[in-house]
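Inspection log for the structure reproduced underneath, given as structure tokens.
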Number of protein chains: 4
Amino acid sequence: MSEASAPAVRRADAQRDRILCAALRCFIEHGFHAASMANIAEAAQMSAGLIYRYFENKNAIVLAIMQRQLDEKRALIRQLQSADQFVDGLLKAFDDLCSTARGPMSVALMLEMSAEATRSPQVAEALRHSDDLTRAEFEDWLRRPREQGGAGLAAGQVRSRSLAIRFVVDGLALRAAREPDLDRTEVRVALEELLRTLLKPE
Amino acid sequence: MSEASAPAVRRADAQRDRILCAALRCFIEHGFHAASMANIAEAAQMSAGLIYRYFENKNAIVLAIMQRQLDEKRALIRQLQSADQFVDGLLKAFDDLCSTARGPMSVALMLEMSAEATRSPQVAEALRHSDDLTRAEFEDWLRRPREQGGAGLAAGQVRSRSLAIRFVVDGLALRAAREPDLDRTEVRVALEELLRTLLKPE
Amino acid sequence: MSEASAPAVRRADAQRDRILCAALRCFIEHGFHAASMANIAEAAQMSAGLIYRYFENKNAIVLAIMQRQLDEKRALIRQLQSADQFVDGLLKAFDDLCSTARGPMSVALMLEMSAEATRSPQVAEALRHSDDLTRAEFEDWLRRPREQGGAGLAAGQVRSRSLAIRFVVDGLALRAAREPDLDRTEVRVALEELLRTLLKPE
Amino acid sequence: MSEASAPAVRRADAQRDRILCAALRCFIEHGFHAASMANIAEAAQMSAGLIYRYFENKNAIVLAIMQRQLDEKRALIRQLQSADQFVDGLLKAFDDLCSTARGPMSVALMLEMSAEATRSPQVAEALRHSDDLTRAEFEDWLRRPREQGGAGLAAGQVRSRSLAIRFVVDGLALRAAREPDLDRTEVRVALEELLRTLLKPE
DNA sequence: CATGAATGAGACTTCATTCAT
DNA sequence: CATGAATGAAGTCTCATTCAT
């Protein structure tokens, strides 16, 4: 049975993935609310009815996409972790976020999710969980000695610095949505000014 | 005629205001898209049809509310301007933003607007305009001598500092939506660490 | 009382007339259905509510306008009655009908009324009555001796000739709606061919 | 694939036809504007929403019905073409037009379309095109020798005669809407008087 | 007499979801 | 497993009509 069902499971996962990729494109283009199941079905090149074999309803897709976005954000933040080129990493992330087309990560969706968190406890809980994981990982890195690729901060500094950096990163993301053509040099200078002290031990 | 029409004008303005207040409540509760005209009409205690006497369509209400939100945000940022207690001001703003009930300013709507800006040029334009005004005002304050209630920064520092501080303020707002019960002491420490150098001349 | 009420009656009639003139303009511009009471009120420079003091409802206005159109049509046909210049008269009428702006007579409304006659017995009855009057008048003229300004037809010819001419006149009116820029010379030749024998005794 | 899609196409066409037939009944009964999508849906025994799978909006249905009416009218006029029994043909057409129930051709709709042509360029264009085709066909017949089933008119006569006959035919149609119980004998005599000379060469 | 704010019914349209095929 | 036709609820908006002022 396991031999028989394994491919079936794989196929089901592939279908789910196909749907989620299509949904992501639609959500980025139109927003969670304005994208229709018909849009998604067309983008996924399947019938609308079939989607309901893999997701209970549209809301389930929305939640799944939100989860994906959270994973993407964590991955994106994890990539930042290279103390020497932190600002460079932020700038590259800013660039990516400014152009919707680049990848599966969409600031617009992140913002809509954050807004939705003030209304839906379920969404708030998911965000909280993801943020907690991100922070834990990030603080590990802040704490890790420089010779092990970390930032080498003292234990007492880690908590407040991670929060401070989160403010900066989030603010940068929000700005990517509102002023995507912000001058990159200005951004770099501002970020360097902000991070100069934050990432240097005491 | 002016005596006759004045009350009529007042009444019309009162109705517009009534509708906008109702709309604000609905938008905060459901979001711009999910709130229906029926919702708004009920909240404003009037028939849905009547709303169209005062606003051309739902979008006009959305834009009016967005403009209000932008004005609120500018007012909120303007209130921050007291160099010595800048962090205190931010903390208080954070507090206000965390509790939806407090006032007409809603982080959730700000986030949705920012997301919408990536799709609607009209919204993007409104945000851009408001952001420009805010920045100009804020940079005036950064530049003004301390003895005149300003921050007393050198001209060369103003541009990058205002951008840096905007990152921090925006990040703080985003955090208010996602983690409204963040420990206030941690927030204070993080903000102090960020702003310590930013608001001190060179 | 008659001295007191006479001006009141006159005023009421003036108001009714004001409304009907406004309604006519609106109906010609938008059609019976698409013209709104608000349109009419604005065109009549009075409030929408006031109209209901003079007409029970929109339908009453429609019927009154229809009656007016019938009167106009009868007047228009009566003007034709000059045997020698019958074709000239038709051509001028055609010209007038082709340009909406010229007067209160509108082919479009006539056509809509005729269509409505197939649905509403009330409208059908009004049309029938008007058509009967028109025909009676027209046949009187056909019968009247030429020296008295008539067409001088024999009694036995009058009935069928009046019907035949009615076909031609109606057909001309319909064409005015569908091909307002029809070449006038072609129209003249066609009319002359049609009427050459119809208006000449036996 | 052609075997698989053919029935689907047939079904779609059947549905479109079902909708158009229902719409025709509603339009005849209420007129283009007064008939609602709900009316049509009920007449077609389907939900209102489903109609939008087959027609973009109500206007598309109106235009499709208009086109059908124009085709019907052309077919009806084409059937007239038998020089000897032209009057008989007209009388039969008059009979048919007088009873709405008989077929899909409705004078009322033709009149409304003609009225609408004075307001909507799109409708005017459609009518013009149809009228042009009708005229071309009709003039061909007028020109064709009698031994080939035509009317055998000289080339110079064709233009004005076709216009003259169009006046008569249109007038007859308008009369069908306004006086459906007109005495058939009177009509016949009038038509014979009109057409006696028009269809005879020179 | 006159206004125009207010209502409520109803118009068109969209869309998540279901189900026969 | 897959389709897409079908539904029904809901959304935005218009408008004839009424009524307090």
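Chain identifiers are assigned alphabetically (A, B, ...) following the order of the sequence lines, protein sequences preceding nucleic acid strands; residue numbering begins at 1 within each chain. When reading the values below, keep in mind they use all heavy atoms of this one structure, side chains included, and skip hydrogens, waters and symmetry mates.
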Where do C:Gln67 and C:Ala126 come nearest, in terms of heavy atoms and distance? OE1-CB, 4.2 Å
Of the non-hydrogen atoms in C:Ile19 and C:Ile40, which two are nearest, and what is the gap between them? O-CG2, 4.1 Å
Any strand: nucleotide that pairs with E:dT18 via Watson-Crick or wobble, under 3.5 Å: F:dA5
Could you please name the partner base of E:dA9, counting Watson-Crick and G-U wobble pairs only when both distances are under 3.5 Å? F:dT14
Report the distance from atom CE of D:Met46 to atom P of F:dA5, rounded to the nearest whole Å. 12 Å
Quickly work out the D:Phe55 CZ to E:dT14 C1' distance and round it to whole Å. 18 Å
Return yes if some donor-acceptor pair links the side-chain N/O of A:Ser130 with the main-chain N/O of A:Leu127 below 3.5 Å, else return no. no
With no hydrogens and no angle check, is any side-chain donor or acceptor of D:Asn39 less than 3.5 Å from a backbone partner on D:Ser36? yes
Among [options], which nucleotide has an atom closest to any side-chain atom of [X]?
| X | options | value |
| --- | --- | --- |
| C:Arg53 | E:dT17, F:dA5, E:dC1 | E:dC1 |
| A:Leu50 | F:dT3, F:dA5, F:dG11 | F:dT3 |
| D:Met37 | E:dT3, F:dC13, E:dT13 | E:dT13 |

Identify, between D:Ser47 and C:Lys58, the residue whose nearest nucleotide on DNA chain F lies closer to the 5' end. D:Ser47
How do B:Gln15 and A:Ala38 order along DNA chain E: which one's closest nucleotide is nearer the 5' end? B:Gln15
Here's a test of your reading of the structure: between A:Glu56 and D:Asn59, which maps to the more 5' nucleotide of DNA chain E? D:Asn59
Within the structure, does a side-chain N or O atom of A:Tyr52 lie under 4.0 Å from either OP1 or OP2 of F:dT3? no
Under 4.0 Å, heavy atoms only, any strand: does A:Ala35 hit a base, just the sugar-phosphate, or nothing? sugar-phosphate
